[in-house]
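Both backbone and side-chain heavy atoms feed into the values below; hydrogens, waters and symmetry mates do not. Numbered from 1 within each chain, the chains take letters A, B, ... in sequence-line order.
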Amino acid sequence: MGRESILKSIKSNKPELVELPEIDLNLFAEEIDILEAFKSNVKLVGGKLKELGDNEDIDSVIRELYPKAERIVSQLPGSNLRTVLITKETEPHSLEKIDLAIIKGEFGVAENGSVWVSENQFSVRVLPFITNDLVIVLSKKDLCLHMHEAYKKIANRDRNFGLFISGPSKTADIEQCLVIGAQGAMSLTIVLI
Amino acid sequence: MSHSEKAEIFNKNEAKVNWHDKALWFVREKRDTAAHKVKGWEELRNLASGIKANVLSNLDEYLIEFEENAQKNGIKVHWASDAEEHNTIIHKILEDNKVEKVVKSKSMLTEECHLNPFLEDRGIEVIDTDLGERIVQLAKETPSHIVLPAIHKTKEEVDTLFQEHLGTKPSNGNPEYLTNEARKHLRDKFLKADAAITGVNFAIAETGGIVVCTNEGNADMGAHLVKTHIACMGIEKIIPNEEHLGVFLRLLARSATGQPITTYSSHFNKPAEGKEMHIVIVDNGRTEQLSRKEFRSSLHCIRCGACMNTCPIYRRSGGHSYDATIPGPIGSILSPGKDLTKHSSLPFASTLCGSCSNVCPVKINIHEQLYAWRQIVTKEVKQPVVKKTILKITGVALSNRLLFNIAGKSARFMLKYAPRFMVYSKLNVWGKARELPEIKNQNFDDWYKVKRKNNG
Ligand code: SF4
């Protein structure tokens, strides 16, 4: 039973070695405006988008977007919106009532409007899910075309926990009607700087 | 009961069947739109298929590599030959950690192993946290679709169910209200859980990490709140390198629901400080399927559900008619390998139109494998049963105009390959054929609302 018998059975049942194909990126190259593609896909997946204007500052823009938020975790250096301080030692359950979390995105992917974020950007893993609303601040310079490029960008990361987030949590499990706000964050706003 | 007999039951409610049919076709159309937007879609499918073929040919080595790398990162790896071993391992982990309450996110493998009743019998509460799965759990049913578990339920049925179990107010099946009530109910369960069980979409040999994809965020809500996270995977979930995720994540959600990617694609590589992470690697019949040359590639499946959404038989017979954890075309080539007699009618639950193979992101030749299983069934299973089934199913395909139109190709196939008595059978187990409204240029919700209004 178990490990040895499974491995043995695979060995005797598997076919002759089939070569692993190479991914030829030329097949997927496209000359498109990746900023525009990213923006339109963020909307497609139910996310909100705010581009920071020349005279605007991040804090006031976020304040305006979420005027009612009281318990705010901001993991953005220099942000004054924070009302709740969290560290690596924070008990995840204590984040149950967080209204808004603000984190920095590492980069965005144009083809699907997703943003890569990792434990480096938030002290407690459950934060981007348990918060009622989520804001990801992302630099316009940090965009790539598709997932193949995305995996090149994270190839040398410190592997702990990370994810692509694309829009707010959602479900269509009741008669295929799309409802935004399932078990994770109720809204996601990407602030492009 | 054979597939067609079960399908007959599903077809008693004609309005519901029509809805089911159209709803799934709508998802299929969304898949098409999403796929057409991707440059090199066919090349992606070729790559995915090639990568999976390589995986199967080197599976033992990849599993060993995966185990080694996962262990280096502090993940505990377990191996289970069958469902019982899988359940026992999980129970032991839970027992060691004095777990009383478990939250579970979608995992067809744990369904396949009947984990819930096993744990419940031993006094452990198991809550399915995917909304669709929670709905079927409350209804004491099983998922009827691998991506849309409650697609067979109307919103009014969900309303009644929630009133009874969650104490909600009558809402005429308001999806926003019901989803929000479920959110509150599940939050409470997440916060009180001692352990979380999740599935695995991809396990990467090179890194020893796993990727879990959800739209609801339920896998992450579960896994990050508890001390013990157990992830269960079939041996075929392995992919060689992380860069291959680029290929599979581009294909998966587009094929499943027409989204460009799921909301959350979470990469678990190391347990958080002070927490435990376990991975259970399960065979349960997979190595046997690996030995069958003709059916081997069924193990490429990434469980997107596209073959179900497109299948004219699935759409009009419902997932439960397959009497298997994995229904639809892919289920019909996996199940006979597990129990040929029990599932002998499944390879006939198809028009062989090939639509499943055309949409499959990993290019499994599903309809050809269905045909191959038919030949085995005809040889090995008692004849009268088989003949009756062939008659019924063929009758279905050829006497229903809708199916006939969709399956134009298959009709030609049938004329070419099926004996006369099959082709000209007049049996019809599907109820009367109906003219169905065109839904082009109207989204499904609109179409459905208009239709409901018209029907009063
Ligand atoms: S067989 Fe192909 S289409 Fe069907 S669920 Fe599996 S991957 Fe998707």
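The contact between B:P175 and chain A is made by backbone and side chain atoms together, counting heavy-atom distances below 4.5 Å. In this structure, the portion of B:K153 lying under 4.5 Å from any heavy atom of chain A is its backbone and not its side chain. For B:L44, the parts sitting under 4.5 Å from any heavy atom of chain A are the backbone and the side chain alike. For B:L47, the parts sitting under 4.5 Å from any heavy atom of chain A are the backbone and the side chain alike. Proximity to chain B is limited to the side chain of A:D158, based on heavy atoms less than 4.5 angstrom apart. Using a 4.5 Å cut-off between heavy atoms, B:Q259 contacts chain A through its side chain alone, with no backbone atom that close. Within the 4.5 angstrom heavy-atom criterion, only backbone atoms of B:T262 (N, CA, C, O) approach chain A. With a threshold of 4.5 angstrom between heavy atoms, B:V27 approaches chain A through side-chain atoms but not through N, CA, C or O. Neither the backbone nor the side chain of B:N73 comes within contact range of chain A; no heavy atoms are under 4.5 Å apart. Of the two parts of B:T129, only the backbone, made up of N, CA, C and O, holds a non-hydrogen atom closer than 4.5 Å to a non-hydrogen atom of chain A. Proximity to chain B (any heavy atom under 4.5 Å) is shown, for A:V18, by both the backbone and the side chain. For a residue to count as touching a neighbouring chain, one of its non-hydrogen atoms must lie under 4.5 Å from one of that chain's; by this rule B:E67 touches chain A with the side chain only. Proximity to chain A is limited to the side chain of B:L186, based on heavy atoms less than 4.5 angstrom apart. Heavy-atom distances place the backbone of A:E16, and not its side chain, under 4.5 Å from chain B. Looking at B:R296, the atoms closer than 4.5 Å to chain A (heavy atoms on both sides) all sit in the side chain, from C-beta outward. Residue contact with chain A, scored on non-hydrogen atoms closer than 4.5 Å, is absent for B:E157. With a threshold of 4.5 angstrom between heavy atoms, B:K52 does not approach chain A through any atom at all.
Of the residues considered (A:H93, A:E89, A:E30), A:H93 shows the highest number of contacts with chain B, using heavy-atom pairs under 4.5 Å. Counting heavy-atom pairs closer than 4.5 Å to chain B, the top residue among A:S12, A:A29, A:S114, A:G113 is A:A29. Ranked by heavy-atom pairs shorter than 4.5 Å toward chain A, the options B:L148, B:N180, B:V158, B:V55 are led by B:L148. Between chain B and the options A:E91, A:M186, A:E149, the largest number of non-hydrogen pairs under 4.5 Å is found for A:M186. For chain A, the option among B:E176, B:R134, B:R250, B:K37 with the highest count of heavy-atom pairs below 4.5 Å is B:R250. Ranked by heavy-atom pairs under 4.5 Å with chain B, the first of A:G162, A:G167, A:A155, A:P128 is A:G162. Ranking B:L225, B:N215, B:I281 against chain A, the residue ahead of the rest is B:L225, based on heavy-atom pairs under 4.5 Å. No other option in B:V282, B:T214, B:N54 has as many heavy-atom pairs under 4.5 Å with chain A as B:N54. With chain A as the partner, the residue from B:G217, B:A53, B:A150 showing the most heavy-atom pairs under 4.5 Å is B:A53. Contact count against chain B (heavy-atom pairs under 4.5 Å) is highest for A:L20 among A:L20, A:I165, A:V126.
A cation-pi contact, defined as under 6.0 Å to the ring centre and within 45° of the axis, links A:K153 to A:F107.
Centroid-to-centroid, the aromatic rings of A:F161 and B:H267 stay 6.0 Å apart or farther.
Between the side chains of A:Q75 and A:Q121, not a single donor N or O lies within less than 3.5 Å of an accepting N or O. At a cut-off of 3.5 Å, with distance as the only test, no side-chain donor of B:N69 or B:T207 sits close to an acceptor on the other residue. Counting only N and O atoms by type, the side chains of A:N13 and B:T287 include no donor and acceptor under 3.5 Å apart. Judged purely by distance below 3.5 Å, without hydrogens or angles, the side chains of B:Q289 and B:R286 never pair a donor atom with an acceptor atom. A donor-acceptor pair shorter than 3.5 Å cannot be found between the side chains of A:T83 and A:E70. For the residue pair A:Y66 / A:N132, no side-chain donor-acceptor distance below 3.5 Å is found, with atom types taken as modelled. Side chain to side chain, B:D159 and B:S171 meet the donor-acceptor criterion of an N or O pair below 3.5 Å. For the residue pair A:K170/B:T263, the side-chain donor-acceptor check at 3.5 Å is satisfied.
In this structure, A:E111 pairs ionically with B:R254, as a charged nitrogen and a carboxylate oxygen lie closer than 4.0 Å. A salt bridge is defined here as a Lys NZ or Arg NE, NH1 or NH2 lying under 4.0 Å from an Asp or Glu carboxylate O, and B:E216 with B:R183 fails to meet this definition. A salt bridge between B:K189 and B:D128 is absent, with no side-chain N of the basic residue lying under 4.0 Å from a carboxylate O of the acidic one.
Expressed to the nearest 0.5 Å, how far CG of A:L163 lies from OG of B:S265 amounts to 7.5 Å.
In terms of modelled atom types and a separation under 3.5 Å, the side chain of A:N41 and the main chain of A:L44 share no donor-acceptor contact.
A 4.5 Å side-chain heavy-atom check between A:R71 and A:R82 finds every atom pair outside the cut-off.
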